[in-house]
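Computation of the quantities below employed the complete heavy-atom set of this structure, encompassing side-chain atoms and omitting hydrogens, waters and symmetry-equivalent molecules. The chain is numbered in sequence order, starting from 1. Note that ligands are numbered from 1 as they come in the structure, with each ligand's atoms numbered from 1 the same way.
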Amino acid sequence: MGDVTIDNQRYRERFEKFSEIGATDREGVNRPSLSNENKEARYTIVEWFRDAGLSVTIDEVGNIFGRREGNDADLDPVLFGSHIDSQYNGGRYDGVIGVLGSLEVIEALNDANITTERPLEVVAWSNEEGVRFQPDMLGSGVFCDIFDVEYAYSREDKNGKTFGEELERIDFKGDTPSEPRPLHCYFELHVEQGPFLEQEDLPVAAVEGVFGFSWMNVTFEGQANHAGPTPMDMRHDAMVATSDVVQAVRRITATEGTDLVGTVGSVDVWPNAINVIPETVEFTLDFRSYDDEVVETAVQRIQQEIEWAAEREGLKYEFEEIMRIDADPFDQGCIDTVVESIEELGYDYTRLVSGAGHDANYLNKICPTSMIFVPSVDGISHRESEYTEWEDIQVGTEVLLEAVQKQASKS
Ligand code: HGY
Ligand code: MN
Ligand code: MN
């Protein structure tokens, strides 16, 4: 719309500078939620939001909002953004291009001296990744009334530190309540984190919905004993039961549904010694599908497999479902806005459903929402080698700029 343009040099320099925060020596970043590196990233974003003339608000779970007034302050704002916390040794693009891309949209409008009809709000959500503090999308989940604040504050990392303590430690526990408020719509620009755009050699996708998923925590309790003299028929080996369940995940994904995916991503063994039969193994499960019934069936089946594995090995076990989110189609009006924006800009595109969870999952419960994807090279993400070509990031950000302007011009 009009001659608002992304300043690629500014945007790319900013991205490179931001990537230095928590940089690893293999081109990735290590900025887990509420870590010192995440704290530095947060302060940087607040500073850049303010430099762009945004009025910054931090809410009670550390979500960072930057507001730009429109012609009519009474109109509900257009919200857009993503997250800046990362995986442990994760990629530089996941979440970040959604926040820096949104900031660049603001800067481009500032350069063009354009005031939109509606107010604009850019956001960096807290604790999207959910690797240090489960569950993921915790900040947007509280904002969208999925979780209450006390639950969020109580979440513990593996060292027993709570989300609330760490939020206080890095001084990002804001006074503003984190709760739903009138929003016109929400857009999120994000890397695809899968192979489809690259396979189709396309620069951008309109995202039509997100998978539902379940996260679970399982603990097998057996009996530590000497690895040498203990006869095999006297063992209660928590690792054997765990390996049975890991194999069961593959059997379930192979038989329950075409798009079902299942992962055992985190395993902690105690006492974790070469010559001691594992007494305790705590591990996580992650099942996802665009069909909620398929996720439900997978969760039922894996619980049965856990029970059988414990019986076979004479173990006790604990099972906890940490979180469950339903699959959701995005708002058709917002999807159409993204498609119109792409078509007006003249780019080839496709439509995708997201296998990754995003803050948009929850925003979609309280306001019209959709997403824009740009390709991930080799379909890689949640890995230091995560990479997206800058030309594709530019396309995605231009689409975000157009989509935001379209929705923000509506009274
Ligand atoms: O798990 C996810 O899909 C996201 O990275 N939190
Ligand atoms: Mn992400
Ligand atoms: Mn992620």
Side-chain angles (χ1 to χ4, degrees), residues 18-19 22 28-33 35 38 41 45 63 80-102 123-142 144 146-147 152 155 163 186-194 205 207 209-217 259-266 284-290 295 321-328 352-364 369 371-376 379-388 393 396 400:
F18 198 72
S19 301
V29 290
N30 193 28
R31 295 195 295 249
S33 180
S35 61
N38 181 240
I45 285 296
N63 294 319
F80 47 114
S82 191
H83 64 92
I84 55 171
D85 61 312
S86 82
Q87 289 285 332
Y88 294 118
N89 301 318
R92 308 195 301 168
Y93 301 84
D94 180 354
V96 172
I97 66 151
V99 177
L100 296 189
S102 299
V123 61
W125 298 108
S126 272
N127 205 79
E128 190 282 338
E129 292 294 357
V131 277
R132 183 182 177 197
F133 299 103
Q134 281 101 35
D136 58 352
M137 294 98 77
L138 189 62
S140 55
V142 171
C144 298
I146 309 288
F147 309 116
R155 304 308 293 162
F163 181 87
Y186 175 73
F187 289 112
E188 184 163 351
L189 168 63
H190 204 287
V191 287
E192 176 201 340
Q193 302 180 296
V207 187
V210 284
F211 274 26
F213 56 104
S214 168
W215 277 10
M216 293 150 274
N217 216 47
D259 70 356
L260 178 69
V261 289
T263 312
V264 174
S266 164
T284 58
L285 289 160
D286 173 328
F287 277 119
R288 309 186 186 207
S289 167
Y290 202 42
V295 172
E321 185 169 41
I322 306 170
M323 59 88 79
R324 174 81 68 98
I325 177 168
D326 292 345
D328 252 348
L352 287 177
V353 168
S354 174
H358 300 285
D359 297 303
N361 285 59
Y362 288 142
L363 272 294
N364 194 41
T369 292
M371 293 185 75
I372 302 157
F373 273 175
V374 290
S376 294
I380 296 282
S381 184
H382 283 190
R383 193 164 188 265
E384 290 166 289
S385 60
E386 175 183 287
Y387 184 77
T388 295
I393 292 173
L400 178 67

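- Among the candidates F373, F213, W125, the single residue satisfying the ring-ring contact (aromatic ring centres under 6.0 Å, His included) test with H358 is F373.
- A donor-acceptor pair shorter than 3.5 Å cannot be found between the side chains of E192 and S376.
- Among the backbone and side-chain atoms of D94, an N/O/S atom is found under 2.8 Å from the Mn ion (ligand 2).
- Protein residues with any heavy atom under 4.0 Å from ligand 1: E128, E129, D136, W215, R288, A356, G357, H382.
- Vertex the Mn ion (ligand 3); arms to E129 atom OE2 and H382 atom NE2; angle 120° (nearest 10°).
- Between the side chain of D286 and the backbone N or O of T263 there is no donor-acceptor pair closer than 3.5 Å.
- More than 12 heavy-atom neighbours from other residues, nucleotides or ligands sit within 6.0 angstrom of CZ on R324.
- Between the side chains of H83 and N127, not a single donor N or O lies within less than 3.5 Å of an accepting N or O.
- Separation of atoms CD (Q87) and CZ (R31) is listed at 12.0 Å; rounding is to 0.5 Å.
- Around the Mn ion (ligand 2), the two atoms NE2 of H83 and NE2 of H190 are separated by an angle of 110°, to 10 degrees.
- Side-chain N/O atoms of E128 and S82 include no donor and acceptor closer than 3.5 Å.
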